[in-house]
Amino acid sequence: MKKAVFILFSLFLVGCTNNLEEEKNEYLTYKNTLKDEEEFTSYEQLPCNITFSIDKISEEEISYRAIIDKPKENMYDIKAIVIHDYFTEDIFPSIGIFDDTYDLIVGDENVKGISLVGYIETNKNYEDLNLELRVLLEYKNENDEVKKIYYKTT
């Protein structure tokens with residue numbers, strides 16, 4: 001009986017480890033792809049609104065936020081990541097990679113938007129950082145086609 005429990009527990013751990021490794025690799029792929037991207041979608045061509053905000057929340061920390069909302073078309077299985085060009089040891093905020101994906105449906109009142117929030121440790125004011133924020137947004141449309149959008153602050 002102890003052997004059976006040990007074997008089941010070991011299989012469970014191996015399954016969780018493999019899944020976490022896959023998620024980590026997917027995260028790194030998205031991050032590196034977005035970091036290396038050179039062509040970006042203009043605001044007018046976005047399938048939804050993407051707005052950024054940056055706030056000083058303490059003497060040593062700045063928060064940044066990307067809000068994805070007001071879809072112009074139905075967007076299913078959304079995955080997104082926000083990165084910046086300032087040094088950090090933290091992971092970048094994402095959705096749909098380490099957690100569930102979301103849908104943004106035109107006119108839906110249940111999910112009004114997605115907010116991705118991150119923090120930067122710095123003593124500088126955000127105006128002095130020259131911070132560039134980038135978003136990679138991946139989703140499926142009504143025809144089940146996968147769309148990738150690359151957008152950045154200007």
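- In this structure, V117 is not a member of the same hydrophobic cluster as I62, with clusters built from ILVMFWY side-chain heavy atoms closer than 4.5 Å.
- For the ring-ring contact (aromatic ring centres under 6.0 Å, His included) condition, the pairs that include at least one residue of residues 24-43, sequence neighbours left out, are Y27-F98.
- Distance alone, capped at 3.5 Å, places no donor-acceptor pair between the T88 side chain and the I120 backbone.
- For the residue pair V135 and A66, the shortest heavy atom distance occurs at CG2-CB, 4.2 Å.
- Under the 3.5 Å distance criterion, the side-chain polar atoms of D99 are matched with a main-chain donor or acceptor of G96.
- Without hydrogens or angle criteria, D108 side chain to N110 main chain gives a donor-acceptor distance under 3.5 Å.
- The 12-atom threshold is not exceeded at CD of E59, counting heavy atoms of other residues, nucleotides or ligands nearer than 6.0 Å.
- By the neighbour-count criterion of 12 heavy atoms within 6.0 Å, atom CD of E121 is sparsely surrounded, having that number or fewer from other residues, nucleotides or ligands.
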Step-by-step side chain to side chain contact (heavy atoms under 4.5 Å, CB included) determination, E138 to V146: CA-CA 7 Å; E138 180 182 289; V146 175; 3.7 Å; yes

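- Inter-residue side-chain proximity for K35 and E37 is flagged as unmet; no heavy-atom pair is nearer than 4.5 Å.
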M75 vs Y102, side chain to side chain contact (heavy atoms under 4.5 Å, CB included): CA-CA, chis, key distance, verdict: CA-CA 8 Å; M75 303 168 70; Y102 280 88; over 6 Å; no

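- Although no hydrogens or angles enter the test, the distance criterion places no donor-acceptor pair under 3.5 Å between the side chain of D55 and the main chain of I57.
- One N or O on the side chain of K72 and one on the backbone of L46 form a donor-acceptor pair closer than 3.5 Å.
- The two residues I95 and D100 have their closest heavy-atom pair at CG1-O, 3.9 Å.
- I97 and Y76 fall into different hydrophobic clusters, defined by Ile, Leu, Val, Met, Phe, Trp and Tyr side-chain heavy atoms under 4.5 Å apart, directly or through other members.
- Using a distance-only test at 3.5 Å, with no hydrogens or angles considered, a donor-acceptor pair links the side chain of N74 to the main chain of V106.
- I91 is connected to L116 through a chain of hydrophobic side-chain contacts under 4.5 Å among Ile, Leu, Val, Met, Phe, Trp and Tyr, so both are in one cluster.
- The side-chain heavy atoms of C48 and L137, taken from C-beta on, include a pair separated by under 4.5 Å.
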Audit row: E22, N25, side chain to side chain contact (heavy atoms under 4.5 Å, CB included) steps and yes/no: CA-CA 5 Å; E22 288 173 18; N25 288 337; 5.8 Å; no

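- Residues N49 and I67 form no side-chain contact, since every pair of their non-hydrogen atoms from C-beta on lies 4.5 Å or further apart.
- Two residues are said to be in side-chain contact when any heavy atoms from C-beta on lie closer than 4.5 Å; E60 and T122 fail this criterion.
- A 4.5 Å side-chain heavy-atom check between L131 and D85 finds at least one atom pair inside the cut-off.
- When side chains are defined from C-beta on, Y139 counts as touching E73, because their heavy atoms get closer than 4.5 Å.
- Residue L28 is grouped with residue F92 when hydrophobic side chains (ILVMFWY) are merged at heavy-atom distances under 4.5 angstrom, including chains of intermediate members.
- At least one side-chain heavy atom of K56 sits less than 4.5 Å from a side-chain heavy atom of N125.
- You'll find the side chain of I54 reaches within 4.5 Å of the side chain of L133, heavy atoms only.
- When all heavy atoms of F52 and K152 are compared, the pair lying nearest together is CE1-C, 4.2 Å.
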